[in-house]
Structure formats: C-alpha cells, structure tokens
Amino acid sequence: MTQSVVVQVGQCGNQIGCCFWDLALREHAAVNQKGIYDEAISSFFRNVDTRVVGDGGSISKGKICSLKARAVLIDMEEGVVNEILQGPLRDVFDTKQLITDISGSGNNWAVGHKVFGSLYQDQILEKFRKSAEHCDCLQCFFIIHSMGGGTGSGLGTFLLKVLEDEFPEVYRFVTSIYPSGEDDVITSPYNSILAMKELNEHADCVLPIDNQSLFDIISKIDLMVNSGKLGTTVKPKSLVTSSSGALKKRHKKPFDAMNNIVANLLLNLTSSARFEGSLNMDLNEISMNLVPFPQLHYLVSSLTPLYTLTDVNIPPRRLDQMFSDAFSKDHQLLRADPKHSLYLACALMVRGNVQISDLRRNIERLKPSLQFVSWNQEGWKTSLCSVPPVGHSHSLLALANNTCVKPTFMELKERFMRLYKKKAHLHHYLQVEGMEESCFTEAVSSLSALIQEYDQLDATKNMPVQDLPRLSIAM
Amino acid sequence: MRMVSRLVRSLNRTEALVGVWRQGLAVLPRLVWNPWAQVILPPRPPKVLGLQVVFRGNTPSLWLSMSIVTVQLGQCGNQIGFEVFDALLSDSHSSQGLCSMRENEAYQASCKERFFSEEENGVPIARAVLVDMEPKVINQTLSKAAQSGQWKYGQHACFCQKQGSGNNWAYGYSVHGPRHEESIMNIIRKEVEKCDSFSGFFIIMSMAGGTGSGLGAFVTQNLEDQYSNSLKMNQIIWPYGTGEVIVQNYNSILTLSHLYRSSDALLLHENDAIHKICAKLMNIKQISFSDINQVLAHQLGSVFQPTYSAESSFHYRRNPLGIDRHVRPPLSGLPPLSKMSLNKDLHFNTSIANLVILRGKDVQSADVEGFKDPALYTSWLKPVNAFNVWKTQRAFSKYEKSAVLVSNSQFLVKPLDMIVGKAWNMFASKAYIHQYTKFGIEEEDFLDSFTSLEQVVASYCNL
C-alpha cells in the first residue's frame, strides 16, 4: 500500500488541513477497532514511539503507539499554525514539519511565490525529503491552499515546481479554493490567475472548489435540519459538515462547516486506495482515467449524501437518489453546470454497501441526460469500496472532467482584466524582485489557451457521433 | 435430449447469451445459468501440442492426471481465481450422484492432482501463483481461502508490490513486467516443479485494468518463451460495455493483440453476459461481483473437472480442453458455394470447433446429433473434425445433469468489433495517449494492435 503526504499552505490550507486530520482520525478510529497499526492507517499516519528521541521512533507494525500525521504545514503567519499546535490535535503533528514566518504575504502572490519561495526553498525541500523518507512507497502529495490570497496562492504554487523536480514520479493533487465573486480580497483575481498558470503547468490534477458552493451546501443542510419538514431527525454525526465526536471542540468558527466538506472530499477520494472493496481504485487511476490531455486536469467534484436520516432501511430508491443527487448542482463543490456542458470523463467512487448492479442500473439511468464527448461515449470509471464513511451506510463521490469549468475560468479572467486594464494595485506586485509585467501577460495567455481548449471541445457538443473509417485489411 | 437441442438452437443467436438448462435436485427444473464460454483459437500460427502421457496401470487409483498451474493476475484475476478453486474443491467433495464409488474416487483423485497439491496435514494447496501490484486483494484472497478450512494457497506462492498499475497497460507491461520478471517467473517455476506431470498454464486476468491486462500479457509472453511446449490458456474477462475503466478499450486491444502471439487459447467471459445471467436466470436482486465471480467459477469448474475422453472410456482425459489439433483455413481463399445442410434457412454463427461436455444422469443416451449439422461449421471443415463430446456420469456440484458448450465461432466478432471501434475513435482524438507514451508504448504499438485485431475480425467474418 502506498502513502500520501498532505501539504497545507496558508491560512485556508491549514484550516482545511486541520479539519481533514480530525476527520481522518475519526474515520480510522471507527474502522480500526483493535488499535493495530495497519496499512490503511499508514497511508496518512506514522506510528511513533514518543519515548525515543530523534527520528528512530517509527514503528511499522503492532499496536498503535502515537500517530503522527504525514503532513507539512506551511504558513507565513504564525496565527493559524500556532492555534493548531495549541489545540487538541497538537500531538498529531510533528513539530519538525512546520515552516512559519511572522510577516505574512499581504495577500500578494508575488511575495508568497518569489520572496518566500526563494527564502524558504531549502527548508521546504528538506521537510519534503524527510516526509518522503518516512514513507515506504510514497504515491501522492495532496496540496491544500486557496487561490485568492498570498501565501496559499503564491508559496503554495511555488512548491509545485519543487515537488515536480524533486519527486517527478509522485502525483501532485491540488485542492484549490477559488475566490467567489464577492471576495473581500481585492487583488484575488491577480493572485488566482498567477497561481493558475502554475497549476496548469505543474499539477497532475486540480480539484477546484469555491466558497459560494460550500456556503450554499451549508445553507441547504441547515434548512433541512431545522425545518423538520421530513418529520424525521438527522443523525448528528452524519452531517458532512460536522465534527461532532471529533477531538475539536465545537467552536462554531465561520469556516468550520465549510472546511469539513472539503475534508470529507479528500477522505472519500482516498478511501478506495486505503480500504478494501470489490473494485478498487488507486490514486494513480484517478489521473489515468480522468485526464485525457495533460492540460485538462481540472475535476469538478460532488459529494452525496450530505446527511443521513435516522431511518435505517435504505430501499433502492433512496440509493438511486444518491446517484441523482451527485449530478445535481446542489451537491457540487464548484458552481458549474455539468449537465449542460460536455463530459470528457466521469468517475463514481462509491463507499459502503452498494453493489455492482446498483452502480450499473444508475449509470444506465443517468447516462441519457448527460452529454459525453464523441470519443468517450461510455467514459465511466467506477470504484466500490466496502467501508462506508462515518455516520453513513453508503456515499458517493463523483469527479467529472467537464467543460463546465470554463465559465468559472472565464469569470476569473474577466475580473482580472477589469483590474489589470486600470493597472490597479499592480505596483505592489511589480516592486517585488523578479516580478515583471510579462508574468501577468504570460499567466493570462496560459489561461486563455486553456479556455480555448475547452471551447474547442464544446464546439463538438451536439454533433452526431460518427464512427470513423477503420483500417481495412487485405486478406 | 431437449437440453442438447436447445444448445444447438442457441448457436443461432447473435448475442453472446445462451441458456443452458440445468436440472437441480429440486422437483421443478430450475434455470441456473449460462455456461457459455468462447474460445478464440488464434488463426495463426497454428500449434500442434503433443502432450505425452505415461499410463501407469489401469486401476483408477493409479490414474495420472496432468496438472495445471493457475496464474492469477490483478484484482479481477485473484478474486476469480479464489472462486474457481473453491468451486473445484467443493464439487470434488460433493455427492457422487449416480456414479459408482470407484468412479467417484477416481474423479476426486484426478481433480485433486490437476489443481491441488497435498500438504502434510492433509489440507490441499492450490496449484496457483498470485500476482498483484498492490497488496489489498491478495491479502483478502489468502485469508478467504484459509478461512474456508478446506483448502489454501501456498505460503510462498504470492508476488506483491506496494503500488498498483493505475489502470495503465503500459505501466503493467513495460514497467512492472521487466522489473519483476525474474521474481515472478521463479515463483511460477517452483510451482511447475511441484507437478509430477505438468500439462500447462491457466492464466486468469481482466482486459480492462493495468496489472491483469499489461502484466498478464507480459507474463504470458514469458511463459511462451520458457515453456513453449506447454499449454497456455488465458481466461479473459471482457469488461462491461458501459465502462468500468475509461481507458478499458485501449487496454483491451493492447492485451488481445499481444496475447494472440503468445497464448494458445483465449477463453472469454463478458461481464455483461454474466450479469444478465445473474439478473434474469438467477433472479438475484442486488448483484455483487461475488455473485458474478461465482457464476463464472461454476462455468469453469464444469469445463475443467475430469471427464472421460471419447477414445478410451476408462481413463479420465489428460489435457483439459483437448486442444490437440490445429486448424488452418484452406489456402484457396474463397470457400465453396454449396452447403449441404438440412437447415438452410437458419443463420448460424459459423464455428470452427465445438466441444460439448455432459455430466450426470443420462449422459450416455444424450443425443448430440444436432451439433453435427454441417450448417454450423465453416465450409472447409467437416463436423467430424470440428465437434467433440465428452461425458461423465459423475454429476457436477449439485446438478443432476448439466451440459457445457465451449465454442470457437463467430460469436466473438460483434463484441470484438465494438471494442476495436471504440478504441479507434478514442485513438483518433489522441485522448489518453500521453499516459501510455510516458511508459514506452508508442502510437505505432497501438497501430500494430489495431491491425492485428482487424485481421482477427476479418478472419472470423470470412468463415
């Protein structure tokens, strides 16, 4: 089995990361009743004997002594990381795997990327090498960051190049929080576009998520829970936003619930690699199946269910409802309309007591309403993992490579152009050593090229699928 | 016998779904499942397999059976392999039905020798090598076998790595293959050496993934190089049409074209067909892969368990599928125009070879004349050369009587054509090709595969 390392960068990245580790511990505690350090846990955690000083403490088998997250925490401000280290998760993190500074990046991509990048390059490399050494077989780096700020956006994308050079065979999966329209950081379009260029070139797979979608999901859940319309109560642990029963106290911080959704996404993404099932799906299969061309690696995700009712019996119709929900806009983590755009590929990762016939029945049912690109008419990748997430009997994560990400990118580009035309705030960037206007123009053209690729694919929508003439063989 | 005539009519259908009736011990005849298997014998080059067998006496207890070593590759191969061994052993332990005790003992001994080796404490060990590039499935398979208490896998019969092939044929074939060639072939050799008289390999794999397909093709090639005189039969799982893996069509054409050069026989089972059996004939509501694999295992079991050969009715036959003749189309090209047959109006999928295996009650009186109709066969073959029937009175598993048809015919043309077509469409857009070229499979390799498979389709269409 392979291991993955989570790299959390910036305030957003670290807060999400914290929720992720919380939930990961909860999940493994529920599955692993005997407290034995097994391969599933080892994918994200090290087992350490804390009495041993230095690095010799790793234990590979036997009872769990003390779990340490395979994580690297990076932030150019101390606030968030310090809070994590003083909170209930402090023992989970290895204090040697942190990089912090005090001044912060001032919401400036250039500061994060150029200034802190060069300043901390060696340290960053050293921390990564250390994490890799602790792994038997490192398969993937999960980078969590936001696009709109300075550290997550700038330094977060700087890391990608470092990882690509140092560990070319290890996958780089990036979870990026895109700024919504009403973002309070004025320069977020600049930061995002500059970061996008790096994502285009150095990431294997990107899961774009926007805050507005997360917020909508929470509103929907609150509505369902509070309205009592259905007459049944919701299982508290089952809320995709909840952290009840976990180590963290219920702070009711503003982004807590939203971060939990993203944390659930990451857990479900890796579930089939960690746990057994009748049709496994490893992380390298995600990239293999969902990325038909290297540049088109942006995947729209949707998670169901968002909560479970206490009604224990799950008749097939409810199971089918789960599949329908995955394709509805309400459950998506990015505001987009995949049903009216073109699918290049789609993956369904199912957890829990769901069998192949349920999967096939639903694919047959949903297929007619979805448009797939001509060369991939049956482009489904499926996986069945036997272990359900905590609080649910089954769940579904749908990942779609769909041209519906184009409007998000186009909107981002528009917001960028509005600022750039007026040269607003540009001096903050240009005064950083290494930044020139060409950085901006290159970033925009990189994005434009990407948008054009999606355009070309969209143009093939609604065209009749023609079978191409085959090779003719002389007998 | 009604059963057999239905089998004959079934050749008429153009889909790969045929009903074969099994009568269980229950009063009402119960439709169970379809043991329709297709064998593609490669049209070129033809092989003559001379399997020399030494007879050691006539008494049943000393009858020799030639052993088969099974190689299970990838998640699919390992999950199915477990079910196959389980089915074989539980059949061997099931009641003897109408045959004599002596016959039953000979049957059991033959089955055991063929598929299992004996351990000191009496628990049979499957003659199998388990290969996978990541550990989860093998661990599960080993523990399920051990849990049964009836049989187990050998302690050192596994080869496992930490990271899977990522559904990438190129990774399975070009990276994992060469890297682990020596270790895997060593384990296989040890297993072969354990056999007193070794007959050949049974390789179980899927076409859609990365390990079963890519590494499977590589291993089969190696087996051809190192054991060219032994039979190599590949059990291939044809994936669901609506997709399990997005690049399954690429992986499939690469697998098939490579296996054509090194395998002696490709036994195909389509997931869609078995799924239909589970749904329509067995009425299973929520079909799991376990159900599908068990149906498959039953089919294979009823093909591979011992039978009497037609020539000498006292000994259980030695080689599992009797592939001891080669078939070659006439050099003249066009077949003769007239066909003498009683059923001119029916369009059959033309066959090169058909094998019917009957087990249980009334096998001696079964009427298999329908299979000798020349209309079933290509014009350049006489039915007597293309049709074979094996019988044994010993019933299979819990079925009072059963019949299996193994056929090499045009049945495969439609599914193969579909897969080649879809792969071709995808290839034209160059989608996913970068994932393969990254590991050394270039566009020319794809074109070679396409060419080779178009030839197969054309050959079968011309029958």
Side-chain angles (χ1 to χ4, degrees), chain A residues 1-3 39-40 136-139 273-294 316 344-347 353-360 363-364 367 373-384 465-475, chain B residues 75-76 79 134-137 139-140 161-168 171 209-210 240-249 271 275 278-279 284-293 333 417 420-422 424-435 447 450-451 454-455 457-459 462:
Chain A
M1 183 145 351
T2 55
Q3 289 81 41
E39 288 192 322
D136 222 355
C137 181
L138 176 60
Q139 185 177 49
R274 289 176 290 138
F275 301 119
E276 51 165 46
S278 59
L279 191 58
N280 295 335
M281 178 159 153
D282 214 344
L283 296 168
N284 48 10
E285 296 174 30
I286 296 179
S287 163
M288 176 70 187
N289 284 288
L290 293 171
V291 182
F293 301 100
L344 302 179
C346 186
N353 185 18
V354 182
Q355 301 300 346
I356 186 69
S357 56
D358 302 314
L359 201 50
R360 301 239 63 80
I363 291 179
E364 296 296 325
K367 221 169 56 136
V373 71
S374 65
W375 41 259
N376 203 3
Q377 289 279 294
E378 278 100 11
W380 297 89
K381 165 69 181 161
T382 54
S383 85
L384 295 167
V465 180
Q466 275 172 332
D467 276 336
L468 296 164
R470 300 255 291 268
L471 296 173
S472 50
I473 305 292
M475 280 301 292
Chain B
Q75 173 166 28
C76 178
Q79 283 176 188
E134 65 100 15
K136 292 196 294 285
V137 181
N139 287 341
Q140 255 195 313
Q161 288 295 285
K162 302 194 188 108
Q163 183 169 196
S165 306
N167 288 164
N168 192 330
Y171 201 78
Y240 283 100
T242 46
E244 297 168 22
V245 170
I246 291 176
V247 289
Q248 64 187 40
N249 298 317
N271 270 348
H275 193 107
C278 288
I284 302 179
K285 291 283 175 235
Q286 201 188 23
I287 302 167
S288 65
F289 269 121
S290 230
D291 297 317
I292 292 188
N293 292 343
D417 194 57
V420 174
K422 287 190 210 169
W424 184 246
N425 278 344
M426 197 183 265
F427 183 66
S429 71
K430 300 285 176 278
Y432 299 103
I433 299 295
H434 70 284
Q435 309 270 15
L447 284 172
F450 281 116
T451 314
E454 294 283 8
Q455 273 177 335
V457 173
S459 302
N462 276 348

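Each chain gets a letter, A, B and so on, in the order the sequences are listed, and its residues count up from 1.
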* Is there side-chain contact between A/M281 and A/L384, with heavy atoms separated by less than 4.5 Å? -> no
* Looking at A/Q355, A/M288, A/K381, A/E285, which one has more heavy-atom pairs under 4.5 Å with chain B than the rest? -> A/M288
* Asked: By a 4.5 Å heavy-atom criterion (distance strictly below it), what part of B/N139 contacts chain A: side chain, backbone, both, or neither?
  -> side chain
* Heavy-atom distance under 4.5 Å to chain A: side chain of B/F427, backbone, both or neither? -> neither
* **For chain A, the option from B/M426, B/Q435, B/Q161 that forms the most heavy-atom pairs under 4.5 Å** => B/Q435
* Asked: Do the side chain of B/K162 and the main chain of A/L138 share a donor and acceptor less than 3.5 angstrom apart?
  -> no
* **Which atoms of B/Q286 approach chain A - backbone, side chain, both or neither, heavy atom under 4.5 Å** => both
* Look up atom NZ in B/K285 and atom CG in A/D358, then write down how far apart they are to the nearest 0.5 Å. => 12.5 Å
* Among A/I286, A/D282, A/N376, A/I363, which residue forms the greatest number of heavy-atom pairs with chain B at distances under 4.5 Å? -> A/N376
* Asked: Under 3.5 Å, side chain of B/Q140 to main-chain N/O of B/K136, donor-acceptor pair present?
  -> no
* Structure fact -> Comparing A/N289, A/N284, A/T2, A/T382 against chain B, the one with the most heavy-atom pairs below 4.5 Å turns out to be A/N289
* Do B/E134 and B/Q163 come within less than 4.5 Å of each other through their side chains, counting heavy atoms only? -> no
* Looking at A/S383, A/C137, A/S374, which makes the most heavy-atom pairs under 4.5 Å with chain B? -> A/C137
* **Structural part of A/V373 lying under 4.5 Å from a heavy atom of chain B** => neither
* Portion of A/Q377 that has a non-hydrogen atom of chain B nearer than 4.5 angstrom -> neither
* Non-hydrogen atoms of chain B under 4.5 Å away: do they reach the side chain of A/L279, the backbone, both or neither? -> both
* **Proximal component of B/E454, with respect to chain A [non-hydrogen, under 4.5 Å]** => both
* Looking only at atom types and distance, does a side-chain atom of B/Q79 sit under 3.5 Å from a main-chain N or O of B/V137, one as donor and one as acceptor? -> no
* Set of salt bridge (Lys or Arg N to Asp or Glu O under 4.0 Å) partners for B/K422, sequence neighbours left out -> A/E378
* So what's closer than 4.5 Å to chain B heavy atoms on A/S287: side chain, backbone, both or neither? -> both
* **Toward chain A, the part of B/S290 with a non-hydrogen atom under 4.5 Å** => neither
* To do: Could you tell me whether the side chain of B/D291 and the main chain of B/S288 form a donor-acceptor pair under 3.5 Å?
  => yes
* Engaged part of B/I292 at the chain A interface, taking heavy atoms whose separation is under 4.5 Å -> side chain
* **Side chain / backbone / both / neither for A/N280 at chain B, heavy atoms under 4.5 Å** => both
* **Contacts of B/F289 that satisfy ring-ring contact (aromatic ring centres under 6.0 Å, His included) - sequence neighbours left out** => none
* Asked: Would a 4.5 Å heavy-atom cut-off, applied to side chains only, mark B/E244 and A/W380 as touching?
  -> no
